[in-house]
Amino acid sequence: MKQGNLVGRLLIRILEHRDLDFARMLHNDDSTLLQLTDVEHVTELQQEQWFKSISTSKKCKRYTVLDAETERPIGVFRVDMIDLINKSCCVGLDIAPDMRCKGYAREIYSYFLNYYFLHCGFNRLYLAVLETNDVGKNLYASIGFKEEGLFREAVYRNGQYSDLIWMGILRRDFDETRKHNPNET
């Protein structure tokens, strides 16, 4: 029996110990790592320690996203800086390189926007994206995220500094996007 939430072609569950190898390999893959603000590779021991701390944290969560039919891992969804008083959190998604460009990111974000806005009562979700990540910026804008700020030359990659763009979506933005694109969410 499959454990987790079945959402179309996705199976979504809280990250479990059995997912750690996949999560570490995904994180350490240069195509993922170089899009993050911290480019440190993670060892098994570091990940074990991280998993113990995150498993009991009230400020962050990690979800594993799998193909519902095969249960093959697709990606890891991050939720950080959970603020239950102000109903906001920072989100992010890493997708396995061979699973990219197949529409999964849009489906995964759709699920989590619905979950956090409609079921958890959050008012704001936000994220950071490198100015060089055109695919990410276009996706976020298309699902309702708006640019909120810029950390100038905040990230050093390939011998040069790049800006880090902060984007956010409010519950009212989400509702407006759903009104205009009911099949999206």
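When a residue number appears, it is its place in the shown sequence, counting from 1.
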On a heavy-atom basis, the closest approach of Leu93 and Ala105 is CD2-CA, 3.7 Å

side-chain contact (heavy atoms from CB on, under 4.5 Å) between Trp166 and Leu150, worked out: CA-CA 6 Å; Trp166 286 91; Leu150 181 75; over 6 Å; no

In sequence, state the C-alpha distance, the side-chain angles, and the governing distance for Val42 and Asn28, and then conclude on side-chain contact (heavy atoms from CB on, under 4.5 Å). CA-CA 7 Å; Val42 175; Asn28 287 341; 3.9 Å; yes

Checking Glu153 side chain against Asp163 main chain: does a donor-acceptor pair fall under 3.5 Å? no

Looking only at heavy atoms, the pair that brings Asp67 and Glu69 closest together is OD1-N, 2.9 Å

Is atom NZ of Lys52 surrounded by more than 12 heavy atoms (other residues, nucleotides or ligands) closer than 6.0 Å? no

Criterion side-chain contact (heavy atoms from CB on, under 4.5 Å) on Cys89 and Met81, from CA distance to verdict: CA-CA 5 Å; Cys89 61; Met81 295 181 267; 5.9 Å; no

Run Thr64 and Ile12 through side-chain contact (heavy atoms from CB on, under 4.5 Å) and show every step you take. CA-CA 6 Å; Thr64 304; Ile12 300 173; over 6 Å; no

Looking at Asp94 and Arg78, does any basic side-chain N land under 4.0 Å from a carboxylate oxygen? yes

Give a yes or no answer on whether the side chain of Glu147 reaches the backbone of Ile165 with a donor-acceptor pair at less than 3.5 Å. no

Where do Arg62 and Ser57 land on the side-chain hydrogen bond (donor to acceptor under 3.5 Å, both in side chains) test, with the steps shown first? CA-CA 10 Å; Arg62 295 295 182 275; Ser57 175; over 6 Å; no

What's the spacing between Ile54 CD1 and Cys60 SG if we round to 0.5 Å? 4.0 Å

Do you reckon Leu113 sits in the same ILVMFWY cluster as Tyr104, going by side-chain contacts under 4.5 Å, direct or chained? yes

With a 4.5 Å limit on heavy-atom distance, are the side chains of Asn123 and Ser88 in contact? no

So how far is it from Ile74 CD1 to Arg9 CZ, rounded to the nearest 0.5 Å? 7.0 Å

Between Cys120 and Lys87 the two heavy atoms that sit nearest each other are O-NZ, 3.3 Å

Arg152 atom CZ: more than 12 heavy-atom contacts under 6.0 Å: no

Flag for Ser110-Glu107: side-chain donor and acceptor within less than 3.5 Å: no

Test of understanding: with side chain to side chain donor-acceptor pair (under 3.5 Å), list the residues that count as partners of Tyr63, not counting sequence neighbours. Tyr116

Check whether any side-chain heavy atom of Leu10 lies under 4.5 Å from a side-chain heavy atom of Leu66, and answer yes or no. no

Contact list for residues 5-48, test ring-ring contact (aromatic ring centres under 6.0 Å, His included), sequence neighbours left out: His17-Phe51

Check side chain to side chain donor-acceptor pair (under 3.5 Å) between Asp30 and all other residues, then give those that pass, not counting sequence neighbours. none

Locate the shortest heavy-atom distance separating Ala68 from Leu6; write the atom from each residue and the value. CB-CD2, 3.6 Å

Given side chains that start at C-beta, do those of Arg72 and Leu11 come closer than 4.5 Å, heavy atoms only? no

Qualifying residues under ring pair (Phe, Tyr, Trp, His ring centres under 6.0 Å), relative to Phe77, sequence neighbours excluded: Tyr109, Phe112

Under 4.5 Å between side-chain heavy atoms, hopping through other hydrophobics if needed: is there a path connecting Tyr126 to Tyr115? no

How close do Asp134 and Glu131 get, heavy atom to heavy atom, and via which atoms? OD1-O, 3.9 Å

For Thr177 and Gly144 the tightest heavy-atom approach is OG1-CA, 3.7 Å

Hey, quick one: are Ile95 and Leu15 part of the same hydrophobic cluster, counting side-chain heavy atoms closer than 4.5 Å, chains of contacts allowed? no

May I ask you to decide if Glu16's main-chain N or O and Asp19's side chain share a donor-acceptor pair within less than 3.5 Å? yes

Under 4.5 Å between side-chain heavy atoms, hopping through other hydrophobics if needed: is there a path connecting Val76 to Val91? no

Are any non-hydrogen side-chain atoms of Leu130 and Val155 less than 4.5 angstrom apart? yes

Using the rule that Ile, Leu, Val, Met, Phe, Trp and Tyr join whenever any side-chain heavy atoms are under 4.5 Å apart, tell me whether Leu26 and Val65 fall into a single cluster. no

Would you indicate whether the side-chain heavy atoms of Leu45 and Trp50 approach each other to under 4.5 Å? no

Can any side-chain N or O of Asp83 pair as donor or acceptor with the backbone N or O of Ile85 at less than 3.5 Å? yes

Does atom NZ of Lys61 have more than 12 heavy-atom neighbours from other groups under 6.0 Å away? no

Ring pair (Phe, Tyr, Trp, His ring centres under 6.0 Å) involving Tyr161 - partner list, sequence neighbours excluded: Tyr156

Is it the case that Tyr111 and Asn5 place a side-chain donor and acceptor less than 3.5 Å from each other? yes

Between Arg106 and Ser142, a side-chain donor and acceptor under 3.5 Å: yes

Below 3.5 Å, can you tabulate the donor-acceptor pairs from side chains in residues 167-175 to any protein atom, sequence neighbours excluded?
residue	atom	partner	partner atom	Å
Arg171	NE	Asp175	OD1	3.0
Arg171	NE	Asp175	OD2	3.2
Arg171	NH1	Phe117	O	3.1
Asp173	OD2	Leu170	N	3.0

Would you indicate whether the side-chain heavy atoms of Glu44 and Arg24 approach each other to under 4.5 Å? yes

